[in-house]
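These numbers come from the heavy atoms of this one structure, side chains and all, not from hydrogens, waters or symmetry mates. Sequence lines set the chain letters: A, B, ... in the order given, protein chains first and strands last, and positions in each chain run from 1.
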There are 2 protein chains.
Amino acid sequence: MRKQIVKYALIYGVCGGLLIAALKLIEYRFLVLEHSIEIYGALIALVFASVGIWLGLKITRKEQVIVERELIVEKEVLVPSTLPFVRNEQRLQELAITRRELEILGLMAEGLSNREIGEKLFVSENTVKTHSSRLFDKLDAKRRTQAVQRGKELGLIP
Amino acid sequence: MRKQIVKYALIYGVCGGLLIAALKLIEYRFLVLEHSIEIYGALIALVFASVGIWLGLKITRKEQVIVERELIVEKEVLVPSTLPFVRNEQRLQELAITRRELEILGLMAEGLSNREIGEKLFVSENTVKTHSSRLFDKLDAKRRTQAVQRGKELGLIP
DNA sequence: TGCGAAATCACTCAAAAGTATGACGACAGA
DNA sequence: TCTGTCGTCATACTTTTGAGTGATTTCGCA
């Protein structure tokens, strides 16, 4: 991701240069303003700052791999302004929570039973149980509701 | 947030203009390069794109609130920017959920067992069960985890 | 190529959760 | 005063969860 950012930044830089050159050309052809360079610079900076911010937002968003989500209903979710969720990867590592466990935690949080989770992930209910047991252990939870709550608190799930 | 972004973008724009002006000045004093405007433009664009991306990332990151965990370690917990929670009273009425039921839903969401809830509210576990049964009915939930999830979705609990 | 982590599954037993039904007192409002 | 809602509790029964243990397979990595 770091590299991508650099790459994009470079591309943007070049684009910015070209844009300014274009603006300068236009300037010579049609109008001559005072401080035009500054103004154009400001415009360029503005545009690119905006694009940058937008890009930054976009990058962080998503990255929610995990399973196919049913195709059933398109729910109207009435959650107030869902700011993009950023998973706390560090804590995941600290707690040594595996991908599978995290996945199961997520489905738990959605209110699925062990059986349903098993069906969704194509594994047996028993498997789900062992995963969740380990999960409870790592999260220091005694119940699934507690695990969910801890998970949210720790930024592991939205 | 939208407004803030615009504001920052504007500020950046202005900064960019000033920067370009400064660069131009320097150019006249020390060196004269071909296509210097373009190059500067590119630089500015690059810098601001980077800053923008960084800012975008930063905005999405959540606030860090320090909390004391147990006696041992002092861990920082990531709380998703606690915007003041406003209960959706209207929906409460629509669903005919009573105060007591809501109360129990809240404790459920915190991961308490029926017994614990009972102890906390000084009622029997059976009572908690009947309340939660009715709650599940009203929320169209089959499990407590589902009820919690619905509750959050509907703005009944934080 | 062998080790270790991850994922898978089974089986048992106990505890918690959930369903169904009935009952009783308090209390607000018609 | 009658009615309906709310909160309370019980009993009986089913289902789901969770704990504990052990075993197998897969796979990346040293």
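In this structure, B:Lys138 contributes its side chain and B:Ala96 its backbone to a donor-acceptor pair below 3.5 Å. Side chain of A:Ser132 to backbone of A:Leu135: no donor-acceptor contact under 3.5 angstrom is found. In this structure, B:Arg87 contributes its side chain and B:Leu156 its backbone to a donor-acceptor pair below 3.5 Å.
Within a 6.0 Å radius of CD in B:Gln93, no more than 12 heavy atoms belonging to other residues, nucleotides or ligands are found.
Residue A:Lys129 contributes atom NZ, which lies 14 Å from atom P of D:dG20 at whole-angstrom precision. Rounded to whole angstrom, the span from the CG atom of A:Leu121 across to the C1' atom of C:dA6 amounts to 15 Å. Atom NE2 of A:His131 is separated from atom P of D:dG18 by 15 Å (rounded to the nearest Å). The interatomic distance linking B:Asp140 (CG) with C:dG18 (P) rounds to 15 Å, in whole Å. Summarising the geometry, the separation between CG on A:Asn114 and P on C:dG18 is reported as 13 Å, rounded to the nearest angstrom. Atom NZ of A:Lys142 is separated from atom P of C:dA17 by 12 Å (rounded to the nearest Å). For the pair B:Phe122 CZ and D:dG7 P, the interatomic distance rounds to 18 Å; values are reported in whole Å. A straight line from CD of B:Glu119 to C1' of D:dT8 spans 17 Å, rounded to a whole angstrom.
Residues B:Glu94 and B:Gln90 have side chains that bring a donor and an acceptor to within less than 3.5 angstrom of each other.
Here B:Ser124 reaches the OP1 or OP2 of D:dA10: one of its side-chain N or O atoms lies under 4.0 Å away. At C:dT19, one or more side-chain N or O atoms of B:Ser133 fall inside 4.0 Å of OP1 or OP2 (strictly under the cut-off). One finds a side-chain N or O of A:Arg115 lying less than 4.0 angstrom from the OP1 or OP2 phosphate oxygen of D:dT16. The shortest distance between the side-chain N/O atoms of B:Arg144 and the OP1/OP2 oxygens of C:dG18 is below 4.0 Å. A close approach under 4.0 Å does occur between a side-chain nitrogen or oxygen of B:Thr127 and OP1 or OP2 of D:dC9.
Note that the CD1 atom of B:Ile104 and the CZ atom of B:Arg144 stand 9.5 Å from one another [nearest 0.5 Å].
Taking the side chain of B:Phe136 as heavy atoms from C-beta on, and the options C:dT8, C:dA17, C:dT19, the nearest nucleotide is C:dT19.
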| After noting the C-alpha distance and the side-chain angles of A:Thr130 and A:Thr127, does the key distance pass the side-chain hydrogen bond (donor to acceptor under 3.5 Å, both in side chains) rule? | CA-CA 5 Å; A:Thr130 49; A:Thr127 304; 5.3 Å; no
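Residues of residues 95-107 of chain B having a heavy atom closer than 4.0 Å to DNA chain C: none are found.
Within the nucleic acid shown, B:Asn126 comes within 4.0 Å of at least one base atom, counting heavy atoms only.
When the nearest nucleotides of DNA chain D are assigned to A:Thr130 and A:Thr145 by heavy-atom distance, the more 5′-ward of the two goes with A:Thr145.
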